[in-house]
Number of protein chains: 2
Amino acid sequence: MSKISENNLETTNSRRDFFKKTAVYSVSAITAAAVLAPAKLLADDENIIHHVKWGTTLGDELNKYPYGIPSKYEHNVVRRTSSLMSSAGDMHAAVSMSPLHELEGIITPNGLHFTRTHNGVAHIDPNKFRLMIHGLVDKPIVLTLDELKQYPSESRILFLECPANGAAEWKGPQFNSLQFVKGMMSNSEWTGVRLSVILDDLGIKPTAKWMLAEGSDGSEMSRTIPVEKVLDDAMIVWAQNGEALRPEQGYPVRLMLPGWEANLCIKWLKRLEFGAEPWYCKEETSKYTVLTKSGKAIQHFYPLETNSIITSPCPEKPWKNLKVGQMIEIEGLAWSGHGTITNVDVSIDGGQNYKEAQLKGLVLPKSWTRFSYMHKYDGKPLLLQSRSVDDSGNVQPTVTQEKGIIGVEGVYHRNSIVTWEVRADNSVHNVQVRTDNCPS
Amino acid sequence: MSKISENNLETTNSRRDFFKKTAVYSVSAITAAAVLAPAKLLADDENIIHHVKWGTTLGDELNKYPYGIPSKYEHNVVRRTSSLMSSAGDMHAAVSMSPLHELEGIITPNGLHFTRTHNGVAHIDPNKFRLMIHGLVDKPIVLTLDELKQYPSESRILFLECPANGAAEWKGPQFNSLQFVKGMMSNSEWTGVRLSVILDDLGIKPTAKWMLAEGSDGSEMSRTIPVEKVLDDAMIVWAQNGEALRPEQGYPVRLMLPGWEANLCIKWLKRLEFGAEPWYCKEETSKYTVLTKSGKAIQHFYPLETNSIITSPCPEKPWKNLKVGQMIEIEGLAWSGHGTITNVDVSIDGGQNYKEAQLKGLVLPKSWTRFSYMHKYDGKPLLLQSRSVDDSGNVQPTVTQEKGIIGVEGVYHRNSIVTWEVRADNSVHNVQVRTDNCPS
């Protein structure tokens with residue numbers, strides 16, 4: 001056995017040890033499963049002959065793409081957009097969703113990262129970029145991009161999720177599509193500087209309790225952040241998956257608040273101001289609040305909830321050509337803005353029974369975590385569900401439980417369990433299953 | 001303190017515990033360093049006024065790029081190519097190098113991953129793709145791409161390096177460029193299936209000691225792999241950083257041999273054959289062997305060596321506008337095909353004295369690892385070096401030590417310490433420093 005799996009065979013109970021255990025690669029279902037290969041043995045297959053002919057062709061010269069692009073055969077693997085403006089078709093206030101059904105592992109390639117814009121994608125000249133940090137600090141400052149990058153850098157793999165991810169589904173299934181149900185999220189390696197490092201230099205006054213972050217896009221998108229989060233793990237990032245941020249991700253820099261609502265992570269960042277009170281910006285009063293049954297709204301509701309979704313099979317990616325008795329992998333993503341995923345359970349009967357899935361690959365805090373459950377295909381219809389738990393003890397709720405928390409009109413912070421119905425023909429459908437018999 | 005850094009404050013000595021410690025995020029130099037910010041305080045800066053004006057502009061509509069591309073301001077961040085054919089300028093047998101000086105963190109975006117082709121970039125129709133596995137197996141088989149992907153998948157972050165990386169430098173510094181000195185390597189998250197999982201199904205005969213891997217590109221690139229490596233951690237991968245392999249990386253599938261020479265990781269894979277003896281293909285006899293002083297050649301010389309390089313500063317990325325007394329980060333990459341990097345030392349005086357750098361971010365086996373060393377800038381010239389050690393006890397050699405191992409004409413597996421000279425004007429130059437006074 002490799003060191004990786006050897007390490008994971010240990011079990012301990014303390015939280016510190018748990019963290020150590022989960023932060024290495026987890027053992028996937030691979031070694032445990034008895035996989036039956038498709039029984040297509042070697043024969044005079046005309047496709048082989050065709051296949052071997054490829055070796056006679058001269059390929060493209062290597063300097064054709066100084067910056068590479070995907071294969072022409074992958075032209076359908078794209079972000080898909082939805083306008084959020086009253087003038088249908090206008091894509092300035094809009095959202096584009098990641099094709100989760102086509103993604104593997106935990107890194108989202110930059111070209112497929114979901115995006116939400118409030119007034120279009122800004123294009124900022126990095127030579128003219130300035131970041132102003134002022135308000136309740138001892139030494140207010142204006143930084144150029146070069147000056148900002150002189151601070152020591154840090155890289156973390158983190159998810160970003162729009163708090164309205166899945167919003168349209170709050171009245172029940174609307175889209176027969178993983179991309180449209182959960183595609184307002186992605187996961188990348190982000191590089192930048194911790195704000196606490198900069199504030200060590202500038203000095204933050206004791207009266208500073210809130211930070212305003214303001215973007216330089218057409219909407220001057222702005223939000224207010226509690227200073228505890230700023231000093232904990234907030235970053236100003238300039239790179240995503242190794243390269244400069246893309247324009248739609250806030251080039252040249254954006255704010256990054258690990259685990260918190262993506263809309264707080266202001267793009268095209270130009271100004272940070274420290275103050276004693278929240279600013280109550282438009283985007284934290286008229287929007288991004290949650291109206292509860294009592295008539296009161298939840299504000300300052302920042303971390304994304306414990307969540308999970310099955311990505312294979314899914315409506316866009318049904319199983320094909322399975323044989324009865326074949327072992328097949330049910331796979332998905334789990335994530336929590338509160339911390340690290342500790343386990344995921346999978347149900348094949350709409351939530352009546354759950355069995356523990358295996359976490360696989362890197363299990364990191366505030367990052368997508370892949371889970372895997374091996375299923376022996378028997379040709380029968382299924383009602384697939386996944387339910388995640390994080391290291392703060394949060395458990396992903398059912399639809400009914402969720403309505404009790406965020407109200408019947410809650411469109412933000414939706415994290416209830418999603419059900420995929422797998423029919424006998426293997427087509428997959430987005431359905432709602434009520435197992436807890438509560439009124440809606 | 002976060003859980004991340006709390007965890008890393010522990011020190012233990014056993015190898016198993018060491019692995020646990022390093023596999024989580026390491027503490028960077030950030031918290032330890034007293035960083036002096038550039039002392040440009042807030043004032044009537046005309047740039048601020050200019051900057052604020054950005055907020056008035058409507059940006060691009062979001063559906064402009066279903067698949068996103070970099071900012072126009074990043075047009076110089078590209079792979080750079082070198083022809084390896086006698087007909088100058090022909091780029092079918094060629095190499096393209098990653099712009100390491102522009103990369104952050106440990107993920108290389110797919111568009112910037114280095115590439116080596118022997119007969120151009122092949123374009124394989126995934127619907128016509130077949131993988132034949134035959135020879136000394138109980139059940140020879142031909143798999144379609146869908147059938148291959150039905151196996152349970154696994155994702156790992158791994159480096160790929162051409163064994164000829166830095167080859168041109170074996171006679172001494174040739175290029176004043178990090179990209180041309182070390183750019184034949186990259187690091188990505190790869191997803192596919194372990195070959196051991198497939199072979200569990202097919203059954204491998206006890207007489208099988210070697211595996212031939214053959215590509216379907218114009219050169220029918222082929223190499224022979226010992227079966228121990230195949231059964232240990234070899235993978236057939238179909239995704240890189242979350243999406244389908246790029247054409248130049250072997251779309252739709254390539255072989256992945258973690259830590260071993262990239263040229264063994266056959267692209268556009270079409271055939272795997274198991275046999276009792278090595279095949280001694282052209283590319284493992286006339287090339288990719290190392291002639292030693294004795295006149296004998298080293299064959300079957302597969303894992304990449306323990307290595308490191310300083311990426312900031314470097315010839316393409318000198319320090320700018322530093323003030324004497326300012327703390328500045330010396331940063332670089334370390335990697336080893338034998339396992340996990342355990343430490344990196346940095347010298348500012350050409351190897352006379354070394355001090356321990358800090359590893360930062362994820363420290364994973366057979367993956368790039370970032371290191372960081374905080375330096376108090378005093379305006380004096382420097383001779384910067386880095387030296388890495390891995391968990392098998394391998395230490396990166398000096399130039400002279402390396403010549404003793406791979407001979408005076410050795411162009412493969414070069415891993416000797418590189419020296420960057422930082423002059424008083426902060427320009428950076430590729431130089432060779434001999435500190436060990438041995439004959440060449």
Side-chain angles (χ1 to χ4, degrees), chain A residues 3 19-20 23-24 28-30 37-38 42 45 47 51 54-55 58-63 66-68 71 73-74 78-79 81 91 94 96 103-105 107-109 111 117 120-122 126 130 140 142 147 152 154-155 189 191 197 201 216 218 220 239 241-244 246-247 251 329 361, chain B residues 3 19-20 23-24 28-30 37-38 42 45 47 51 54-55 58-63 66-68 71 73-74 78-79 81 91 94 96 103-105 107-109 111 117 120-122 126 130 140 142 147 152 154-155 189 191 197 201 216 218 220 239 241-244 246-247 251 329 361:
Chain A
K3 282 176 292 183
F19 184 76
K20 279 200 275 186
V24 301
S28 74
I30 292 172
L42 185 62
D45 185 331
N47 284 309
H51 180 56
W54 282 331
L58 192 62
D60 282 343
E61 290 191 272
L62 196 50
N63 56 346
Y67 192 96
S71 162
Y73 298 107
E74 299 293 313
V78 291
R79 300 183 284 213
T81 45
M91 291 288 176
S96 71
L103 299 185
E104 305 268 8
I107 297 293
T108 306
T117 53
V121 175
R130 296 293 183 279
V142 175
E147 287 165 348
E154 179 171 351
S155 300
E189 184 193 39
T191 301
V197 173
D201 275 351
S216 53
E220 288 198 317
N241 294 333
E243 66 183 349
R246 295 293 175 81
Y251 180 87
E329 186 173 34
Chain B
K3 283 177 292 184
F19 185 75
K20 280 201 273 184
V24 300
S28 75
I30 292 171
L42 184 61
D45 187 328
N47 285 309
H51 180 56
W54 283 331
L58 193 62
D60 282 343
E61 290 191 90
L62 196 50
N63 56 345
Y67 192 95
S71 163
Y73 298 107
E74 299 294 313
V78 291
R79 301 183 283 213
T81 43
M91 290 288 175
S96 72
L103 299 185
E104 305 269 8
I107 297 293
T108 306
T117 53
V121 175
R130 296 293 183 278
V142 175
E147 287 165 347
E154 180 171 352
S155 299
E189 184 193 40
T191 301
V197 172
D201 275 351
S216 53
E220 288 197 318
N241 294 333
E243 66 183 350
R246 295 293 176 81
Y251 180 88
E329 185 174 36

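Proteins get letters first, then strands, A, B, ... in listed order; numbering begins at 1 in each.
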ask   = Where do B:E61 and A:M91 come nearest, in terms of heavy atoms and distance?
value = OE1-N, 2.7 Å
request  = Please name the pair of heavy atoms, one in A:E189 and one in B:G105, separated by the smallest distance, quoted to 0.1 Å.
outcome  = OE2-CA, 3.5 Å
message = Would the distance check show the side chain of B:R246 and the main-chain N or O of A:S71 forming a donor-acceptor pair, the cut-off being under 3.5 Å?
response = no
inquiry  = Would the distance check show the side chain of A:E104 and the main-chain N or O of B:T191 forming a donor-acceptor pair, the cut-off being under 3.5 Å?
reply    = no
ask   = chain B heavy atoms under 4.5 Å from A:S96: which part of the residue, side chain, backbone, both or neither?
value = both
query = Is it the side chain or the backbone of A:Y251 that comes within 4.5 Å of chain B heavy atoms, both, or neither?
reply = side chain
query = CG/B:N63 to CZ/A:R79 distance, rounded to the nearest 0.5 angstrom?
reply = 11.0 Å
ask   = Heavy-atom distance under 4.5 Å between the side chains of B:P109 and A:E243, does that happen here?
value = yes
Using a 4.5 angstrom heavy-atom cutoff, name the option from [options] with the most pairs to chain B.
| options | value |
| --- | --- |
| A:T81, A:N241, A:L103, A:T108 | A:N241 |
| A:G120, A:S155, A:G242 | A:G242 |
| A:L62, A:V121, A:V78 | A:L62 |

